[in-house]
Amino acid sequence: MAGPLALVDCNNFYVSCERVFQPELRGRPVVVLSNNDGCVIARSNESKALGIAMGVPWHLHRDRFAADGVIVRSSNYTLYGDMSSRVMSVLSRFTPDLEIYSIDEAFLGLQGFGNRLESHARALRAAVLQWTGIPVSVGIAPTKTLAKVANRIAKKDEKHGGAVLLLDEAVQSAALAGLELIDLWGVAGRLAARLAAIGIDTPLDLKHGDPRLIRERLGVVTMRLALELRGVPCLGLEREIPDRKSIMASRSFGRPVTTLSELREAVASYTARAAEKLRRQHLATAHLMVFVETNRFKPDEPQHHAARTVHLPVATSDSGKLIGAALAGLASIGRIGYRYKKAGVVLLDLHPASAIQEGLFDKADNPRRITLMRTVDRLNLRFGRDTVSFAAAGLRRPWKLRREFLSPCYTTAWDELLRV
DNA sequence: TCTGGGGTCCTAGGACCC
DNA sequence: TCTGGGGTCCTAGGACCC
């Protein structure tokens with residue numbers, strides 16, 4: 001069933017969108033800034049070559065950007081959303097098997113294309129460029145994780161002409177040999193550190209690691225990642241767009257907010273915006289969370305981060321009701337005397353709007369947690385340096401627990417016991 | 001000398017992605 | 001003066017219920 005997959009990823013997407021309508025930006029260093037012109041969220045290749053990192057705050061680098069002739073644009077999400085739809089629409093002409101993964105990426109199922117994969121990839125790139133003006137890179141491999149690797153190589157090295165195929169095992173390993181763990185999809189700093197702690201230092205180590213051991217130590221998500229590196233598909237193509245599980249509307253304030261009335265205004269307008277999204281997706285919500293935050297980049301100022309969840313007796317998408325609930329939540333957490341930097345609302349526990357009348361949202365069929373308990377006569381604990389074992393009447397055999405799986409409060413107790 | 005075995009809801013936070 | 005705005009999944013623990 002599973003055939004090769006392509007990951008199609010738009011190059012420097014936001015910058016490319018700006019360039020479609022301002023061709024004079026081509027060949028020049030360009031960055032796009034986040035809301036409030038806070039930090040850099042997209043860079044052209046020329047900007048990357050200047051050493052501009054993702055996410056850097058603009059105000060700290062403004063002078064340097066100016067000196068380097070960097071062109072700066074505020075973001076325009078309406079434009080990017082529209083361009084994204086055009087790109088996806090072109091891609092859908094090439095295969096019905098399409099997963100829109102993000103605003104600028106899609107996975108394509110390419111079963112049945114046989115040995116025409118490479119020419120197909122090139123035709124696809126050319127079509128997207130011609131019809132939308134957006135350059136894309138294509139990575140083709142048997143699994144999503146390897147397709148990500150292929151795409152990364154296609155993007156980094158121009159000699160491949162924007163398309164890379166990783167179809168046989170030796171080629172895949174050669175590609176992985178040039179990467180570090182944090183270059184992999186799903187690996188960031190923390191996981192890389194935990195992998196290193198069990199002797200997995202490179203993508204090839206992970207590929208050849210013992211899946212059972214990895215699962216035991218690091219969980220099922222990491223085991224899937226290891227298998228995907230071997231070419232075993234663990235992540236399927238998701239053709240249907242699933243309903244959202246939460247909807248958020250939040251903003252950082254341009255300057256600190258110190259009065260409750262300003263906070264109320266902001267929260268009311270974010271709630272209205274979230275409610276619009278909710279209705280557009282034909283959903284209703286039964287919980288709403290409102291939160292406020294002070295400026296975390298100013299640790300010397302008094303900090304206050306607070307959130308309150310408000311339960312709605314009947315799921316709704318009515319802006320008025322939601323704003324009322326959000327303001328009630330805000331009243332119980334907002335405090336005078338703090339300089340607030342950010343606020344927002346999150347709508348949770350979403351249901352199809354059509355289910356409201358029938359009350360179908362009310363009852364969840366699946367238990368949220370399964371508890372196992374056993375009363376035992378007496379516990380016999382043996383503490384070792386790295387493991388503790390339990391023997392008890394009521395347990396068929398002793399349980400052994402490794403230290404790294406204990407939460408810190410227990411390991412402290414463990415240390416105490418070892419000292420005795 | 002002795003008092004079960006589950007369940008739900010809520011809050012909070014970690015870790016990752018784009 | 002100035003550091004984004006969304007999402008996902010997972011884990012853990014407390015309060016409370018029957």
Side-chain angles (χ1 to χ4, degrees), chain A residues 7 9-10 12-14 32-42 53-63 74-75 77 80-81 84 100-106 144-145 148 182 184-194 218-222 224-225 235 238 241-256 270 273-274 277 286-287 289 291 293-299 305-311 329 333 339 341-350 362-378 394 405-410:
Chain A
L7 173 62
D9 190 327
C10 301
N12 314 326
F13 184 54
Y14 296 170
V32 173
L33 301 178
S34 63
N35 269 331
N36 291 332
D37 292 342
C39 51
V40 171
I41 54 170
M54 188 69 169
V56 296
W58 182 43
H59 75 270
L60 292 181
H61 298 269
R62 184 185 300 196
D63 295 342
S74 299
S75 43
Y77 294 102
Y80 309 150
S84 175
I100 297 174
Y101 177 70
S102 74
I103 193 167
D104 68 338
E105 285 171 80
K144 283 184 163 180
T145 306
K148 275 270 184 186
I182 54 166
L184 297 174
W185 190 38
V187 182
R190 308 296 173 100
L191 181 56
R194 294 178 67 200
L218 298 166
V220 68
V221 176
T222 310
R224 282 194 203 119
L225 174 60
L235 307 169
E238 292 178 24
I241 298 175
D243 281 345
R244 285 267 166 274
K245 303 201 167 167
S246 65
I247 289 173
M248 168 153 57
S250 69
R251 280 288 177 279
S252 294
F253 304 125
R255 56 194 69 238
Y270 303 161
R273 204 143 37 79
K277 292 192 198 179
H287 281 92
M289 184 177 83
F291 67 89
E293 291 175 13
T294 47
N295 191 340
R296 65 197 161 98
F297 294 104
K298 295 195 170 169
H305 294 202
R308 177 75 75 240
T309 301
V310 183
H311 175 68
I333 55 172
R339 295 160 60 80
K341 190 64 178 59
K342 185 174 181 179
V345 296
V346 185
L347 308 182
L348 304 152
D349 197 5
L350 308 180
D362 211 325
K363 199 68 193 165
D365 289 333
N366 297 318
R368 304 243 172 134
R369 185 171 72 189
I370 292 172
T371 311
L372 282 172
M373 290 189 190
R374 180 76 50 208
T375 304
V376 294
D377 294 345
R378 205 170 83 223
F405 294 119
L406 281 188
S407 70
C409 56
Y410 294 122

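In what follows, chains are A, B, ... by sequence order, proteins preceding strands, each numbered from 1.
- When the shell of 6.0 Å around CG of L60(A) is examined, it contains more than 12 heavy atoms from other residues, nucleotides or ligands.
- Contact annotation for D104(A): backbone-only contact, meaning every heavy-atom pair under 4.0 Å involves sugar-phosphate atoms and none involves a base.
- Using a 4.0 Å cut-off, some side-chain N or O of K245(A) falls inside it from OP1 or OP2 of dC9(C).
- If you check every strand for non-hydrogen atoms under 4.0 Å, W58(A) touches nothing.
- Looking at the side chain of I247(A), the nearest of the listed nucleotides dG6(C), dA15(B), dG7(C) is dG7(C).
- Within the shown strands, dG5(C) is the pairing partner of dC18(B) under the Watson-Crick or G-U definition, both distances less than 3.5 Å.
- Using a 4.0 Å cut-off, some side-chain N or O of K148(A) falls inside it from OP1 or OP2 of dC18(B).
- Checking the phosphate oxygens (OP1, OP2) of dT8(C), a side-chain nitrogen or oxygen of S246(A) falls inside 4.0 Å.
- Between W185(A) atom CH2 and dT8(C) atom C1' the separation is 12 Å, expressed in whole Å.
- The nearest whole Å value for the distance from the NZ atom in K341(A) to the C1' atom in dT1(C) is 10 Å.
- Contact annotation: the side chain of S74(A) never approaches that of L33(A) to less than 4.5 Å [non-hydrogen atoms, C-beta and beyond].
- Listed pair S252(A) / dG5(C) meets the phosphate criterion, a side-chain N or O lying under 4.0 Å from OP1 or OP2.
- Residue I182(A) is out of contact with every strand shown, counting any heavy-atom pair closer than 4.0 Å.
- Between R224(A) and K277(A), the residue anchored closer to the 5' end of DNA chain C is K277(A), taking for each the nucleotide with the nearest heavy atom.
- Contact check for R339(A) versus N295(A): no side-chain heavy atoms found under the 4.5 Å cut-off.
- For dC2(C), one of the phosphate oxygens OP1 or OP2 lies less than 4.0 angstrom from a side-chain nitrogen or oxygen of K298(A).
- The distance between atom NE2 of H305(A) and atom P of dA12(B), rounded to the nearest whole Å, is 13 Å.
- For dC18(C) and dT3(B), the P atoms lie 23 Å apart once the distance is rounded to whole Å.
- With contacts defined as side-chain heavy-atom distances shorter than 4.5 Å, the pair T309(A)/M289(A) qualifies.
- Rounded to a whole Å, the CE atom of M248(A) is 13 Å from the C1' atom of dC18(B).
- Which of dT11(B), dC2(C), dC18(B) sits closest to the side chain of T309(A) comes down to dT11(B).
- Nearest nucleotide to the side chain of R273(A), out of dA12(B), dC16(B), dG6(C): dG6(C).
- Expressed to the nearest 0.5 Å, how far CG of N35(A) lies from CD1 of I41(A) amounts to 7.5 Å.
- Here the P atom of nucleotide dG5(C) and the CG atom of N36(A) are 6 Å apart, to the nearest Å.
- Dashed line: the shortest gap from a side-chain N or O of R62(A) to OP1 or OP2 of dT3(C) is not under 4.0 Å.
- Side-chain atoms of H311(A) lie closest to dC10(B) of the nucleotides dG7(C), dC10(B), dG4(C).
- The side chain of Y101(A) sits closest to dC17(B) out of dG7(C), dC17(B), dC2(C).
- When the P atom of dG14(B) is taken as reference, atom CZ of R194(A) falls 14 Å away, rounded to whole Å.
- Of the listed nucleotides (dC18(B), dA15(B), dT3(C)), dA15(B) has the atom at the smallest distance from the side chain of R190(A).
- Between R251(A) and G38(A), the one whose closest nucleotide on DNA chain C sits nearer the 5' end is G38(A).
- When heavy atoms are screened at a 4.0 angstrom cut-off, G55(A) is found touching no nucleic acid atom at all.
- Each of dT8(C), dC10(B), dT3(C) was ranked by its minimum atom distance to the side chain of F297(A); first place goes to dT3(C).
- Residue S250(A) places its side chain closer to dG6(C) than to any other of dG7(C), dA12(B), dG6(C).
- At whole-Å resolution of the value, CG in L191(A) and C1' in dC10(C) are 13 Å apart.
- Put simply, OH on Y80(A) is 15 Å from P on dG6(C), counting in whole angstrom units.
- Within the 3.5 Å criterion, the main-chain N or O of L7(A) finds no donor-acceptor partner in the side chain of K144(A).
- When atom types are taken as modelled, the side chain of S84(A) and the backbone of I103(A) share a donor-acceptor pair closer than 3.5 angstrom.
- Across all strands, V187(A) comes closer than 4.0 Å only to sugar-phosphate atoms, never to a base (heavy-atom distances).
- Comparing dC10(B), dC2(C), dG4(C) by their nearest atom to the side chain of I41(A) picks out dG4(C).
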